[in-house]
Participant: 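I have a structure I would like to understand better, so I am pasting it below and will then ask my questions one at a time.
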Amino acid sequence: MAEENKKEDTQEKDPQKKDVDIDVPVVDNQNKEETEKAPEEKDLAAEIDKAKADAAEANDKYLRLFAEFDNYRKRTTKEKTECYNDATVKCIEQILPVMDAFDIALKAPCQDEKFFKGMEMILNQFIAILGKMNVVEIKALGEKFDPNIHHAIKQTESDEMESDTVCEVFQKGYMLGERLIRPAMVAVVS
């Protein structure tokens with residue numbers, strides 16, 4: 001009996017060791033969690049896809065805006081350069097007749113040597129200023145006739161020069177870099 005009392009005491013002290021019959025419906029928790037998570041996962045996947053699409057759209061807009069800005073920057077830089085060159089050409093076109101007048105004056109006979117030297121110095125200053133502005137005289141005399149930079153106003157016969165060669169320059173021509181300011185007026189051997 002002492003052994004039976006010991007068994008009862010240990011059963012009362014240790015409730016886990018009691019055998020209890022309770023009817024509880026068995027629920028598969030793992031399956032239930034999967035069914036509850038499936039709609040949430042679908043919603044999250046849809047949100048992720050939407051976020052990716054929004055990010056791709058924003059990136060595309062950014063790239064297009066960047067390209068537009070880069071094109072705008074290049075276009076305005078080109079327009080500024082062209083505007084500057086146009087203004088320079090217009091200014092030089094106004095100065096060229098003065099240089100032509102100095103050229104003609106220097107070809108005329110002059111008794112006063114100091115006056116002649118002064119005129120020559122002024123013309124050389126004009127030429128130096130134009131050189132600083134990247135303006136160059138078109139080489140014409142003895143060159144092959146080029147209708148892009150020469151303006152033929154006379155044709156002559158010559159046994160000394162080949163045909164289509166410039167034999168006389170009536171007015172000098174000038175270029176600003178690659179841009180023609182004024183063509184050279186020339187006579188060409190026919």
Side-chain angles (χ1 to χ4, degrees), residues 1-99 125-140 143-152 171-185:
M1 271 231 168
E3 285 181 11
E4 287 179 12
N5 283 340
K6 276 188 176 179
K7 277 186 182 180
E8 287 178 15
D9 287 340
T10 56
Q11 284 180 356
E12 288 177 12
K13 289 181 184 176
D14 195 5
Q16 290 179 355
K17 291 186 177 179
K18 282 186 178 178
D19 289 332
V20 180
D21 287 336
I22 301 175
D23 287 338
V24 178
V26 177
V27 176
D28 189 4
N29 286 338
Q30 186 178 8
N31 207 11
K32 184 177 180 182
E33 287 176 8
E34 286 178 9
T35 55
E36 288 177 3
K37 284 185 181 178
E40 289 177 7
E41 286 179 4
K42 288 179 184 175
D43 290 344
L44 287 174
E47 286 181 31
I48 290 171
D49 290 343
K50 186 176 186 264
K52 285 181 181 178
D54 290 345
E57 183 181 342
N59 188 40
D60 184 55
K61 285 181 182 179
Y62 166 75
L63 291 175
R64 289 177 189 272
L65 184 63
F66 182 78
E68 281 183 37
F69 179 74
D70 192 44
N71 290 339
Y72 166 77
R73 184 182 52 79
K74 289 176 184 175
R75 185 177 60 246
T76 56
T77 302
K78 182 180 176 185
E79 287 172 356
K80 286 178 185 177
T81 303
E82 287 175 357
C83 184
Y84 174 77
N85 287 340
D86 289 345
T88 303
V89 166
K90 286 182 181 181
C91 180
I92 292 169
E93 284 175 342
Q94 299 299 315
I95 293 172
L96 290 179
V98 176
M99 289 186 60
Q125 283 180 332
F126 270 120
I127 292 170
I129 289 169
L130 293 179
K132 288 179 185 176
M133 297 174 74
N134 199 25
V135 175
V136 293
E137 181 183 334
I138 297 172
K139 303 290 183 209
E143 299 288 322
K144 185 89 171 153
F145 176 75
D146 182 357
N148 295 318
I149 58 173
H150 299 132
H151 180 74
Q171 187 181 48
K172 294 179 181 177
Y174 293 91
M175 294 185 76
L176 174 66
E178 297 294 317
R179 185 172 173 181
L180 180 68
I181 297 173
R182 179 177 81 182
M185 287 192 195

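All heavy atoms count here, side chains included; hydrogens, waters and symmetry mates do not.
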Participant: With rounding to the nearest 0.5 angstrom, report the CE to CG distance, Met175 to Asn148.
Facilitator: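 Between atom CE of Met175 and atom CG of Asn148 there are 9.0 Å.
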
Participant: Less than 4.0 Å between a side-chain N and a carboxylate O, is that true for Asp49 and Lys52?
Facilitator: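 Salt bridge between Lys52 and Asp49, a charged N being under 4.0 Å from a carboxylate O: no.
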
Participant: Which atom pair, heavy atoms only, marks the closest approach of Met133 to Leu176?
Facilitator: O-CD1, 3.1 Å

Participant: Let's go through Ile92 and Leu130 carefully: what are the C-alpha distance in whole Å and the side-chain angles of both, what is the deciding distance for side chain to side chain contact (heavy atoms under 4.5 Å, CB included) to 0.1 Å, and is it a yes or a no?
Facilitator: CA-CA 8 Å; Ile92 292 169; Leu130 293 179; 4.0 Å; yes

Participant: Just wondering, do His150 and Ile138 contact through their side chains at under 4.5 Å, heavy atoms?
Facilitator: yes

Participant: With heavy-atom distances below 4.5 Å as the criterion, would you say the side chains of Leu65 and Lys61 are in contact?
Facilitator: no

Participant: Mind listing the closest non-hydrogen atom pair of Glu143 and Lys139 along with its distance?
Facilitator: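 In this case the closest contact between Glu143 and Lys139 is CG-O, 3.5 Å.
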
Participant: Would you give the length of the straight line joining atom CD of Glu41 to atom CD1 of Ile48, rounded to the nearest 0.5 angstrom?
Facilitator: 10.0 Å

Participant: Is the shortest distance from a Lys or Arg side-chain nitrogen in Asp86 or Arg179 to a carboxylate oxygen in the other one below 4.0 Å?
Facilitator: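 A salt bridge links Asp86 with Arg179.
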
Participant: For Tyr174, what residues pass the ring-ring contact (aromatic ring centres under 6.0 Å, His included) criterion, not counting sequence neighbours?
Facilitator: none

Participant: Once rounded to the nearest 0.5 Å, what's the spacing between atom CZ of Phe145 and atom NE2 of His151?
Facilitator: 8.5 Å

Participant: Does any part of the side chain of Arg182, heavy atoms only, come nearer than 4.5 Å to the side chain of Gln171, both counted from C-beta?
Facilitator: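 Yes. Closest side-chain heavy atoms under 4.5 Å.
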
Participant: Ignoring hydrogens, what is the shortest heavy-atom contact between Ala140 and Ala184? Give both atom names and the distance.
Facilitator: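 Smallest interatomic distance, heavy atoms only, reads CB-CB, 4.3 Å.
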
Participant: To the nearest 0.5 Å, what is the distance between CG (Asp70) and NZ (Lys74)?
Facilitator: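 Answer for the CG-NZ pair, Asp70 versus Lys74, is 4.5 Å.
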
Participant: Tell me whether Arg64 is salt-bridged to Glu68, with the criterion being a basic N under 4.0 Å from an acidic carboxylate O.
Facilitator: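 Looking at Glu68 together with Arg64, the answer is no, because their closest N to O distance does not fall below 4.0 Å.
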
Participant: Would you please name every residue forming a side chain to side chain donor-acceptor pair (under 3.5 Å) with Arg75, sequence neighbours left out?
Facilitator: none

